[in-house]
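Just so we're on the same page: letters track the sequence lines, and every chain starts at 1.
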Amino acid sequence: MSDFKPKFLRPSNTVSYLDKNESTFVDTTTFVYNKYVSQSIETQRRRLPIFDNRNHILFLLEKYQTLILVGETGCGKSTQIPQYMVEAEWPGQIGICEPRRVAAISLANRVADEIGALVQSDSIGYAVRFDACYNKPKIKYMTEGILIRELMTDPLLKSYSAIMLDEVHERTLYTDILMGLFKKILKKRNDLKLIVASATLDAKFLKDFFNLGCQNNKETSTILSVEGRQFPVDIFYLSDPVPCYVQASVDTALKINSSKEPGDILIFLTGVDEVDRATRLLIEHANNIEESGQKKKIIVYPMHGSLPYHDQLKVFKSAPDNHRKIVVATNIAETSVTIPGIVHIIDCGFVKLRWYNVETHTDSLILLPISKASANQRAGRAGRLRSGKVYRLYTEEYFDKMPDSTPPEIVRTNLTSVILLLKALGIRNILNFNFPNRPPIKNLKSALEILYALDAIDINGELTKPLGFNMAEFALDPMFAKILLNSGEFGCSEEILTIISILQVETIFTKPSTGNSVIKARIQKRLFEVEEGDLLTYLNVYSGFIQSEMSNEFCHKNFISYKSMKRVLEIRKRLEKVLKNYGIPIISASGSSQLIIKCLVSGLFPNAAYLHYTGVYKTIRGDIELHINPDSVLYTIPQPQWVIFCEVMHTKKLYMKDITVIKDEWLLELAPHFYYKTS
DNA sequence: GAGCACTGC
C-alpha cells in the first residue's frame, strides 16, 4: 500500500471489544448473526452503549423540550430510548420517524422481540404506506411521510407525548419539513418532547434551531452525545491524485487482495456505468487468479438500484471458502443497504446527486465531490465486526477542502409538492416557514407559479377550494393529482388511474443487462408499444397483466416486473378510493386514446415540447433543447411534432422521459391561461 | 443509445 499513508479517523476506543454484541444492533436491511443468542434479552440491552446514559436521558427529557442526541449507528438509540420512556411511564404514544420503510419495520420487530410482545399490538407497532397499524401502539415506528400525513388530521399530534426524528443527518426532504413544522408545534404544545437523533456533529446547528428561547432565559434544547459501538477504522489517503478512480479502485482492491489482510471489500463508485466497468475488470482478474491456481480467489458482485431484486440479494451471501467478496456499489451502500462482513472500504470520493435547475425546470444528475460527513459515513460501513480500513482515492488536502455536509434535499429539489403540502397543513406564508435551510427564493417562486397555473392556489397564494385541498390529499406530483381530478369529466378515470399508478413505480419493465435476453426483452416490449407514446404503452401492459389474471408467468414472459405490478395495483386501489370519496365517476374511455391524452394535457401542459426544424425538441416555456430518452417507445419511430413529457433528466443530454404525442391545439384548448399563439 | 438514492392513507 505504498501509495497510501495511514491516518486514524479517531483515537482507538479504550473499551474492550470482547464484550461487544453485534446482535443488539439493528440493521435496517439485513439481518445480523446473533452469536449471543443464549444471553437474555435484558443482558443484551444492558450491553448497549446507550444503557449507561439511560437515567441521564430521562432526566434531560424532563428538563428540556428538545434533546439533540448525537450517536453513531448501533449505539441503540432508536430501539432503547422509546423503551426507557415506557418504563418511566410516559403517557400517550411515543413515535419514531425513520426515512426508510425497512428501517421502521425492522426496528419495530426488534423492539417487539425485546419486550416480548407481538408487533402491531397495543404496545408496539409500525406504520408505513400500504402497511399500517390500525390501533394506537404505545411505541410506534413510522416513515416520515406517515407522520406528515397524520399532521393533516391532527395538527398538534395530541396522541403523542414524544416524537423521535431518527437519522436527521441525512436531511431528507421530509426530515426538513418535519423540523420546520415541529418548531411551530413545540411552541403550542409545551408537554410534547422531541428527540432529534443525528450521527454527525451538526448538533450545535440543531440545538440552536430548536431552542425556542422561551421565558426565564431558559434554553429549551440540549445536546447529548452517546458513544457508538464502532470499531476503529484506519484511514489511508492517496499521496497524489489519480487520473481515473475506477481503475484506481480496481488496483487498490487487487492490492488488498494480494496483501495478508483478511476481510471483504466494498467499493464506492458513482453510477451503473462505473460499477459495471470496475466489475468487469475485477472479474477478468478473478478468472486469471482461478487459472493460475493462486490461493487468493475473489468473487465480485455489482450493487446498484436498477439491478433486478434477485441480483441485489446476492451481495448479502458470504463468499465461498477461500474466496474474498468484493462488492462494487453506488451510493446505495452508504445508507440504504448494509452489507455484512465488510472490512475494507474503497471510496472514490464522488457521488451523483439529483439537482433541480429552476431556470430550465429540469432535474440534473450531477457528479459532485462527497462531503466530509459522507466520507465518514462510507468509512463507517467497515469496522462493524472488527477494526476496518478505508482507502480514500483522493489526497488528505482534498479531504480537508470537502464541504462538511451534503446540501439538504430541500435546497436542490422541485418544490411544487412541498408547497402544496405545507399549504394544506395551514402554512399560509411559505416565505416565513422555518426551513432549517431555506430553499432558494427562485425555487419557491417557480413552484408557486406552477401551482397557480394548475389552479391549486389563487392569486393570493391561498389554496383553492375544493381543487387545491383535494390535490394535496393525493401525495402525488400536483400535475398528476390535477389529471386524476379531471379524469371524471374527461370520461377516462379508469385509464388515468392506471397510468398515474404506473408512473409512481420506478419502472414496470425488467431490464436484463447481458445475453440473449436483452434482445428478447426488446422484442416483447414491442408487443405493447403504440405510436401515441409511453403512457399508452403502459396502459397496454396493464391490460395484458389484468387479462392474464395478474399472473407471474405473464410478467416473466414479457420482461415485466411482477413486484412493480403488484405495487401498481396497491397504489391504484388507494388512488381510486380517494377519487370515489370526491364523487368522481370511475369510467373507461373505451378505447378513445384522444380522451385520455387530452386529460393528460390538462395537467402536464407545462411540460410540452415541439420538434424544432434542427431535429431536436424544444420546450415552449424557455426554449430549452430536449431529446427523446432511448428508453422511450418514440425513440425508434419518426419524431412527432408535439409532445408532453413527465420528467426531464439532464445526464449527458437533456432527456425527456415518459412521453406522449399530442396536438398543439390541445395546449391552447386546455391551458389557454398558460399558452397563447403568436403570429 | 441510456439509468444516484429514498419516500407518501
**Prompt:** Where does the angle between the aromatic ring planes of A/Tyr398 and A/Tyr394 fall among parallel (under 30°), tilted (30 to 60°) and perpendicular (over 60°)?
**Reply:** tilted
**Message:** What's A/Arg129 touching, base or sugar-phosphate or nothing? Going by heavy atoms closer than 4.0 Å.
**Reply:** base
**Message:** Among B/dC6, B/dC9, B/dG1, which nucleotide has an atom closest to any side-chain atom of A/Ser336?
**Reply:** B/dC6
**Prompt:** Which part of the nucleic acid does A/Lys577 contact within heavy-atom distance under 4.0 Å: base, sugar-phosphate only, or nothing?
**Reply:** nothing
**Message:** Without decimals, in angstroms, what is the distance between A/Leu421 CG and B/dC9 P?
**Reply:** 10 Å
**Partner of A/Asn558 under side chain to side chain donor-acceptor pair (under 3.5 Å), chosen from A/Lys525, A/Lys520, A/Gln524** = A/Gln524
**Request:** Identify whether any heavy atom of A/Leu476 sits under 4.0 Å from a base atom; if not, whether one sits that close to sugar-phosphate; answer base, sugar-phosphate or nothing.
**Result:** base
**Request:** Would you mind classifying the nucleic acid contact of A/Tyr635 as base, sugar-phosphate or nothing, using non-hydrogen atoms under 4.0 angstrom?
**Result:** sugar-phosphate
**Prompt:** Closer than 4.0 Å, any side-chain N/O of A/Tyr174 to the OP1 or OP2 of B/dG8?
**Reply:** no
**Message:** Can you see whether A/Arg412 engages A/Asn443 through a side-chain donor-acceptor pair at a distance of less than 3.5 angstrom?
**Reply:** no
**Request:** Would you kindly give the CG-to-C1' distance between A/Asp363 and B/dG3, to the nearest whole Å?
**Result:** 14 Å
**Message:** Please determine whether any donor N or O and acceptor N or O are separated by less than 3.5 Å between the side chain of A/Arg522 and the base of B/dG1.
**Reply:** yes
**Request:** Measure from the side-chain heavy atoms of A/Ile332 and tell me the nearest of B/dG1, B/dC6, B/dG3.
**Result:** B/dC6
**Prompt:** A/Met152 versus A/Leu421: any side-chain heavy-atom pair under 4.5 Å?
**Reply:** yes
**Item:** Distance below 4.0 Å between A/Thr330 side-chain N/O and B/dA5 OP1 or OP2
**Value:** yes
**Prompt:** Which residue, A/Tyr655 or A/Glu473, contacts DNA chain B at a nucleotide closer to its 5' end, judged by nearest heavy atom?
**Reply:** A/Tyr655
**Message:** If you assign each of A/Glu506 and A/Leu365 to its closest nucleotide in DNA chain B, which residue comes earlier from the 5' end?
**Reply:** A/Leu365
**Asked** Any side-chain donor-acceptor pair under 3.5 Å between A/Thr362 and A/Asn357?
**Response** no
**Message:** Just N and O in the side chain of A/Thr651: are any of them under 4.0 Å from OP1 or OP2 of B/dG3?
**Reply:** yes
**Prompt:** At under 4.0 Å between heavy atoms, what does A/Val351 touch on the DNA or RNA strands: base, sugar-phosphate, or nothing?
**Reply:** nothing
**Request:** With heavy atoms under 4.0 Å as the rule, sort A/Asn331 into base, sugar-phosphate or nothing.
**Result:** nothing
**Request:** Would you mind telling me which of B/dA5, B/dG1, B/dT7 lies closest to the side-chain atoms of A/Arg101?
**Result:** B/dT7
